[in-house]
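Remarks on the structure that follows.
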Amino acid sequence: MASLQKITIVLMLCLVASVGAEYLKYKDPKQPVAVRVKDLLSRMTLAEKIGQMTQIERENATADVLAKYFIGSVLSGGGSVPAPQASAQTWASMVTEMQKGALSTRLGIPIIYGIDAVHGHNNVYKATIFPHNIGLGATRDPDLVKRIGEATALEVRATGIPYVFAPCVAVCRDPRWGRCYESYSEDPTVVQSLTSLISGLQGEVPADSAGRPYVAGSKNVAACAKHYVGDGGTYMGINENNTIISTHGLLSIHMPPYYNSIIRGVSTVMVSYSSWNGVKMHANHFLVTDYLKNTLKFRGFVISDWQGIDRITSPPHANYSYSIEAGIGAGIDMIMVPYTYTEFIDDLTTQVQNKVIPMSRIDDAVYRILRVKFTMGLFENPYPDASLAGELGKQEHRDLAREAVRKSLVLLKNGKSSSAPLLPLPKKAGKILVAGSHADNLGNQCGGWTITWQGESGNNNTIGTTILSGIKATVDPSTQVVYSESPDSTVLADKYDYAIVAVGEPPYAETFGDNLNLTIPAPGPSVIQSVCKVTKCVVVLISGRPLVVEPYLGDMDAFVAAWLPGTEGQGVADVLFGDYGFTGKLSRTWFRSVDQLPMNVGDAHYDPVFPFGYGLTTKGAK
C-alpha cells in the first residue's frame with residue numbers, strides 16, 4: 001500500500017511539474033508576434049482584457065492594484081514624480097516595483113509605463129531639456145530632430161520608462177492656442193519632415209515593416225503621435241475647442257503628419273480633446289476606426305488623452321457609462337483613466353456582458369496593445385536597465401541641445417540699416433548691459449512641460465545654463481558684464497558698448513497658455529524702450545509663439561526670436577557673438593496684430609510683419 005501511495009505521489013508530482021513547465025507560445029521570443037498575441041489573447045479572461053485597456057496614474061499604481069485589476073499601463077501626468085528631484089535610480093526602482101506586481105499575475109503581462117517627454121525627459125530633475133517644437137521647426141533639420149529623439153529615448157530609458165507621449169504633430173494654425181509651441185509649424189510639410197523624431201525615439205523602421213509599430217530595442221522607446229486630429233485648428237486657438245474645417249481641409253492640413261508617423265512605425269496615436277465640426281474626436285468612429293485604423297492601416301494602439309472620454313460630455317464625467325460606450329465604440333484601445341479606474345473597469349465590464357460593446361471591439365483593442373508590447377520586447381525585458389542611469393542629463397546630450405538652440409534662433413532684424421549690422425557682437429568690449437526678465441531665468445527659457453506640468457519661473461527647478469551665464473562664459477575676460485533685470489535710471493546713466501535685452505512670456509501649458517492679445521508681458525516693453533534709448537541693443541524674445549512686436553521694432557538695433565530654448569542657454573551666446581551663424585527660418589507667420597488671426601502662409605490676405613520662412617543669416621567663425 002505504501003509503495004502504491006509513493007507511486008501516486010510521484011505521478012502527481014510529475015503532473016504538477018509538467019503543468020508548471022507547460023510550453024506557452026506567447027512566452028517564446030522565437031515565435032512571430034502575431035502567433036504570440038493570438039496565443040495570449042486566447043487565454044485571457046474578460047477581466048484580464050479590460051485591465052490591459054486601462055491606464056492609471058502613478059500615484060494609484062501600487063503593485064497590489066496592478067495585480068488585482070490586471071492593469072495594462074501606468075502613466076506620470078505632468079509633474080507626477082516619485083519624489084522631488086528624484087534620481088534615475090529612484091524612478092527605475094519605482095517602475096521595477098510596479099512591474100513586479102504586473103508580472104505576479106496568472107499570465108504575467110508586463111505594464112507599459114508612459115510619460116510626457118515632449119522636449120527631452122522633461123519631468124525629470126537634471127534631464128536635458130531641448131528646445132520646444134516651435135524652435136525645432138525653425139531649424140528645418142530632420143536629422144537634428146532624429147538625434148534629439150535618440151538622446152531623449154536614452155534619458156527616458158535611464159529612468160526605466162519604455163513609452164513616451166511624443167511627438168506632438170499638431171499643425172498650429174493660430175498662435176492664440178496655448179499649445180502652439182508644441183507644434184513644429186503652421187505648414188504641414190514642415191511638421192511631416194520632423195516626424196523624424198519618431199525614428200530617433202523608436203529606431204529606424206526596417207523596410208519590410210514600414211507601417212507596423214516598431215521599437216528597435218531596449219535603448220529605444222515606443223512613441224505616440226498626438227493629438228489626433230485637428231488639435232491645432234480650433235476656433236480662435238481655444239484649447240480643446242472645435243476645429244471647423246471641410247474634410248479636404250482636415251486631410252490636407254492636419255492629417256498629413258499622421259501619414260508619415262505611420263510609415264515610420266509609430267507605436268501609438270493619442271486622440272485629441274478637440275472636436276471636428278462639433279463632433280468630439282474621442283467619440284469619432286469615422287476618423288478613429290474607419291480612417292486611422294482601416295484606411296491608413298494603423299496597426300498600433302489608439303490611446304485617449306487624460307480623462308479624454310470623460311470630456312465627451314459637458315460637464316466632464318456627467319454620464320460616464322455613455323462616455324465609455326462612445327469612446328471605446330469610436331475605436332479607442334487604451335483609456336487614460338487616470339484615477340477612477342474601478343468605475344471604468346466595472347462600467348466597461350457591464351457593457352460587454354450586456355453586449356452594449358461587442359467582444360470583437362475588446363479583442364481588437366487588446367490585440368493592438370499586446371502587439372506593441374511584444375514588438376518592443378517588453379515581455380523579454382520588462383525591467384529597467386540599471387546600466388543606463390548615466391544617460392540622464394549626459395554632456396553629449398547637453399551639447400546636442402546646445403546645437404539645437406543655435407539652429408533654432410531666427411534673426412529678424414540686424415542693424416537699423418542693412419549696411420550697419422549689429423550682430424555678431426564683439427566679445428571684447430569695455431562694458432555691456434544684459435537686461436530683462438528672461439536673461440537669467442532657466443524656468444522662463446524652458447517654458448511649460450518642464451519639471452512640472454505648467455513649468456515654473458526661476459533657477460531652482462533643474463540644472464542648466466541661463467542666457468546670462470552663457471554670455472559671461474563667451475565674452476572676453478576683460479569685458480565688464482552688468483546685469484540688471486529691470487534697469488533703473490542709475491544703471492541706464494552709465495555708458496555701454498551695447499546691450500542684450502531678453503524678455504518674453506512666462507511658462508504655461510495647455511489652456512493656461514490660451515491668449516487673445518499676444519502682447520509682450522510687462523515689464524518687457526518698457527525695458528526694451530528704456531534700454532534701447534540709451535545704447536545699441538539686441539532684443540532676444542523668449543516665447544512660445546510670435547508676439548506683437550511691431551510697436552518696438554524701430555527702437556531695436558537687432559531682434560532675435562529664441563522661442564523656448566530649454567536648459568542649454570549657452571547656445572544663444574554661441575550665435576550672438578558669432579562663433580556660429582544664424583541659420584533659423586520662421587516656422588510660423590509673424591503677424592502684425594491679433595485682428596489678422598488666423599493668418600497662415602498661402603492665405604489670400606497675407607500681410608505679416610515677417611513672413612513664414614523669413615530669417616536673416618550671419619557667418620559663424622566656427
Side-chain angles (χ1 to χ4, degrees), residues 73 75-76 88 91 95 112-124 127-133 136-137 139 141-170 182-184 191-206 209-228 257-270 298-303 371-373 375-378 381 384-385 388 391-394 396-397 400-401 404 449 566:
S73 184
L75 86 149
S76 275
W91 279 94
V95 175
I112 181 169
Y113 194 111
I115 196 163
D116 286 281
V118 298
H119 61 143
H121 196 9
N122 50 258
N123 286 288
V124 177
T128 309
I129 305 296
F130 292 91
H132 267 299
N133 288 355
L136 298 182
T139 71
D141 190 339
D143 176 67
L144 171 73
V145 171
K146 181 184 171 184
R147 287 183 286 138
I148 289 171
E150 289 168 355
T152 301
L154 284 168
E155 298 211 9
V156 172
R157 283 286 195 175
T159 58
I161 294 173
Y163 174 32
V164 300
F165 306 128
C168 175
V169 295
E182 296 185 59
S183 166
Y184 294 114
V191 180
Q192 286 180 278
S193 71
L194 300 183
T195 58
S196 56
L197 188 91
I198 294 167
S199 303
L201 291 167
Q202 298 193 148
E204 202 70 68
V205 66
S209 59
R212 288 203 289 280
Y214 177 75
V215 179
S218 55
K219 290 183 177 171
N220 294 91
V221 294
C224 177
K226 68 183 189 184
H227 309 83
Y228 185 82
Y258 290 94
Y259 307 152
N260 299 74
S261 300
I262 292 167
I263 290 165
R264 290 184 186 275
V266 76
S267 295
T268 72
V269 169
M270 186 185 292
F298 172 62
R299 293 285 173 261
F301 68 80
V302 177
I303 187 168
R371 178 193 269 141
V372 168
K373 288 183 177 185
T375 300
M376 64 192 289
L378 209 49
N381 297 297
D385 177 352
L388 293 175
E391 297 289 337
L392 187 72
K394 195 172 164 186
E396 291 91 317
H397 300 166
L400 174 62
W449 288 113

Margin query: Tell me the closest heavy-atom pair linking Val266 and Ala225, and the distance in Å.
Written below: CG2-N, 3.7 Å
Check: Just by modelled atom types, is the Ala170 backbone N or O under 3.5 Å from a matching donor or acceptor in the Ser183 side chain?
Finding: yes
Notebook entry, point to check: Do you know the tightest heavy-atom contact between Gly300 and Val372?
Noted result: CA-CG2, 4.0 Å
Next item on the list: Applying side-chain contact (heavy atoms from CB on, under 4.5 Å), run through Met376 and Ile112 and close with a yes or a no.
Entry: CA-CA 10 Å; Met376 64 192 289; Ile112 181 169; 3.7 Å; yes
Item checked: Within 6.0 angstrom of Lys219 NZ, more than 12 heavy atoms from elsewhere -> no
Notebook entry, point to check: Do the charged groups of Arg147 and Glu150 touch, with an N to O distance under 4.0 Å?
Noted result: no
Note to self: A side-chain contact here means heavy atoms from C-beta on lying under 4.5 Å apart; do Lys226 and Asp116 qualify?
What the structure shows: yes
Notebook entry, point to check: So, Tyr184 and Thr195: side-chain donor and acceptor under 3.5 Å apart, yes or no?
Noted result: no
Check: With Cys224, which of Ile198, Val302, Ile303 fulfils side chain to side chain contact (heavy atoms under 4.5 Å, CB included)?
Finding: Ile303
Check: What distance do Leu154 atom CG and Glu391 atom CD have between them, rounded to the nearest 0.5 Å?
Finding: 4.5 Å
Item checked: Check against side-chain contact (heavy atoms from CB on, under 4.5 Å), Arg371 and Arg212 -> CA-CA 10 Å; Arg371 178 193 269 141; Arg212 288 203 289 280; 5.5 Å; no
Checklist line | Short side-chain donor-acceptor distance under 3.5 Å, Tyr163 and Ser267 | finding: no
Check: What distance do His121 atom NE2 and Asn123 atom CG have between them, rounded to the nearest 0.5 Å?
Finding: 7.5 Å
Notebook entry, point to check: Could you state the interatomic distance from SG (Cys168) to CG (Leu197), rounded to the nearest 0.5 Å?
Noted result: 11.0 Å
Check: Which pair of heavy atoms, one from Glu155 and one from Lys394, lies closest together, and at what distance?
Finding: OE2-N, 3.9 Å
Notebook entry, point to check: Counting only N and O atoms by type, is there a donor-acceptor contact under 3.5 Å from the side chain of Gln202 to the main-chain atoms of Ala223?
Noted result: yes
Notebook entry, point to check: Looking at Val145 and Leu136, what are the two nearest heavy atoms and their distance?
Noted result: CG2-CB, 4.1 Å
Note to self: Working note: Val164 + Val118, criterion side-chain contact (heavy atoms from CB on, under 4.5 Å); need CA distance, chi angles, decisive distance, verdict.
What the structure shows: CA-CA 8 Å; Val164 300; Val118 298; over 6 Å; no
Item checked: Nearest atoms (heavy-atom pairs only) where His132 meets His119 -> NE2-CE1, 3.2 Å
Margin query: Tell me the closest heavy-atom pair linking Gly149 and Leu201, and the distance in Å.
Written below: O-CD2, 3.4 Å
Note to self: I want to check something: taking the side chain as every heavy atom from C-beta on, are Ser261 and Val269 in contact at a cut-off of under 4.5 Å?
What the structure shows: no
Check: Under the 3.5 angstrom rule, does the side chain of Asn133 hit a backbone N or O of Glu182 as a donor-acceptor pair?
Finding: yes
Next item on the list: Kindly write out the residues that satisfy side-chain hydrogen bond (donor to acceptor under 3.5 Å, both in side chains) with Thr152, not counting sequence neighbours, or none if the list is empty.
Entry: none
Margin query: Can you confirm whether Phe301 sits close enough to Ser73 that some side-chain heavy atom of one is under 4.5 Å from a side-chain heavy atom of the other?
Written below: no
Next item on the list: Step by step, work out the side-chain contact (heavy atoms from CB on, under 4.5 Å) result for Ile148 and Leu400.
Entry: CA-CA 7 Å; Ile148 289 171; Leu400 174 62; 4.1 Å; yes
Notebook entry, point to check: Do any N or O atoms from the side chain of Asn220 and from the backbone of Ala153 form a donor-acceptor pair under 3.5 angstrom?
Noted result: no
Check: Rounded to the nearest 0.5 Å, what separation is found between the CZ atom of Phe298 and the OH atom of Tyr228?
Finding: 10.0 Å
Item checked: Donor-acceptor contact present, side-chain Arg157 to main-chain Val221, <3.5 Å -> no
